[in-house]
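The structure under discussion appears below in the form of structure tokens.
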Protein chains: 2
Amino acid sequence: MNRNTIQRDVIASCLKNNPGHLTADQIYQLIHSQHPAISKGTVYRNLNVLTQTNQIQRIENTDGPDFFEWNTHPHYHIKCIQCKRVFDVKMGYMNNIFDLVQDNAGFQFISHQIMFEGICPECLSKGD
Amino acid sequence: MNRNTIQRDVIASCLKNNPGHLTADQIYQLIHSQHPAISKGTVYRNLNVLTQTNQIQRIENTDGPDFFEWNTHPHYHIKCIQCKRVFDVKMGYMNNIFDLVQDNAGFQFISHQIMFEGICPECLSKGD
DNA sequence: ATACATGCAAAGAATTTGCAGCTTG
DNA sequence: CAAGCTGCAAATTCTTTGCATGTAT
């Protein structure tokens with residue numbers, strides 16, 4: 001089914017070795033310096049494959065490029081409204097959140113995500 | 001500062017009279033039938049102004065166009081993974097959610113949003 | 001062998017923006 | 001009249017896709 005190509009390995013390793021949350025373009029830039037022949041289309045295609053096979057996690061973004069991270073455990077994120085970067089939030093995962101819904105109105109609830117907005121320490125220290 | 005133009009009025013009224021969640025393009029189509037001269041740029045610009053002045057609410061979307069609704073009270077949404085439409089969730093707003101964060105890690109938390117994914121009654125009844 | 005992957009460039013989707021002319025206060 | 005707004009089209013941003021060629025199994 002899915003093949004082990006050099007490119008796929010390099011992209012997965014890039015995320016494994018860079019803790020945090022990277023955009024497709026950042027990943028492309030990082031890899032491009034070592035492997036100048038890699039194409040952006042390949043990066044996007046492989047990020048999709050790796051996400052679908054649950055080897056990495058995609059953090060969908062509403063006002064800019066999506067982020068990707070090595071950690072696939074379900075958890076929540078906070079986005080800095082100034083630098084637009086995304087970080088993990090240290091907070092227990094709410095497995096029971098569906099119990100808080102008062103009336104499901106005939107919907108089948110499958111999953112949820114929580115995105116916090118705020119200001120990261122780095123931007124805070126650079127003044128308002 | 002902000003002026004009352006016919007276009008702005010018509011766009012606000014469109015949301016007021018159409019309960020639910022509409023995309024910029026849906027709003028444009030609805031208005032265009034009555035006011036063929038309106039341009040899409042004007043719709044987008046006015047939706048931004050109305051959102052900034054808190055007259056309407058924007059629901060940011062990760063895999064398609066954003067939605068807009070007349071109701072500006074903070075609440076949560078569910079997106080149908082089949083038809084991609086967005087609906088309100090009947091669930092209390094978690095004003096205390098920041099208390100659940102175990103370690104703010106130096107971040108200033110400002111706001112949060114929760115997006116559920118699921119299947120809407122209409123899609124459920126159309127079979128799997 | 002052949003199904004899957006790659007590089008490249010072009011296309012796509014959603015939204016923003018530059019500009020000249022028009023309105024509102 | 002001046003600041004703000006409009007219509008139009010072009011530009012921007014992020015991501016996907018078509019195609020001919022290459023490669024893993």
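We name chains A, B, ... by the order of the sequence lines, and we start the count at 1 in each one.
Residue Thr42(B) has its side chain nearest to dG7(D) when only dA24(D), dT23(C), dG7(D) are considered. Set against dT6(C), dC5(D), dT16(C), the side chain of Thr5(A) has dT6(C) as its closest nucleotide. Closest approach to the Ala24(A) side chain among dT15(D), dT6(C), dG7(C) is made by dT15(D) (side chain taken as heavy atoms from C-beta onward). Among dC5(D), dT6(D), dT2(C), the nucleotide with an atom closest to any side-chain atom of Arg8(B) is dC5(D).
One cannot find a donor-acceptor pair under 3.5 Å joining the base of dC5(D) and the side-chain atoms of Arg3(B).
Taking the charged nitrogens against the carboxylate oxygens, Glu69(A) and Arg58(A) have no contact shorter than 4.0 Å, which rules out a salt bridge.
Residue-level contact check: Asp66(A) touches the backbone only, with heavy atoms under 4.0 Å from sugar-phosphate atoms and none from bases. At the heavy-atom level, Arg45(B) lies under 4.0 Å from base atoms of the strands shown. When heavy atoms are screened at a 4.0 angstrom cut-off, Asn2(B) is found touching the sugar-phosphate backbone but no base atom.
Rounded to a whole Å, the CG atom of Asn46(B) is 12 Å from the P atom of dT16(C). Rounded to a whole Å, the CG atom of Asn48(B) is 12 Å from the P atom of dT6(D). Between the CG atom of Asp63(B) and the C1' atom of dA14(C) there is a distance of 12 Å, given to the nearest Å. For the pair Asp25(B) CG and dG12(C) P, the interatomic distance rounds to 16 Å; values are reported in whole Å. For the pair Tyr28(B) OH and dC8(D) C1', the computed distance is 11 Å after rounding to whole Å. For Gln7(B) and dC5(D), the CD to P distance is 11 Å, given to the nearest whole Å. Between the OH atom of Tyr44(B) and the C1' atom of dT17(C) there is a distance of 14 Å, given to the nearest Å. The distance from atom CG of Asp9(B) to atom P of dT24(C) is 11 Å, rounded to the nearest whole Å.
Ring centroid separation for the pair Phe87(B) and Phe107(A) comes in under the 6.0 Å cut-off.
Summary of the strand contacts: Val49(A) and Arg58(B) both lie near DNA chain C, and taking for each the nucleotide with the nearest heavy atom, the more 5' one is attributed to Val49(A). For the pair Pro36(A) and Phe67(B), nearest-nucleotide mapping onto DNA chain C gives the more 5' position to Pro36(A). Where Asn4(B) and Gly41(B) meet DNA chain D, the nucleotide closest to each residue was compared, and Asn4(B) sits on the side nearer the 5' end.
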Trace of the side chain to side chain contact (heavy atoms under 4.5 Å, CB included) decision for Ile11(A) with Ile31(A)
CA-CA 7 Å; Ile11(A) 290 165; Ile31(A) 293 173; 3.5 Å; yes
Side chain to side chain contact (heavy atoms under 4.5 Å, CB included) between Asn104(B) and Phe109(B), intermediate numbers included:
CA-CA 8 Å; Asn104(B) 70 12; Phe109(B) 282 68; 3.8 Å; yes
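Between the side chains of Asn61(B) and Lys79(B), at least one donor N or O lies within less than 3.5 Å of an accepting N or O.
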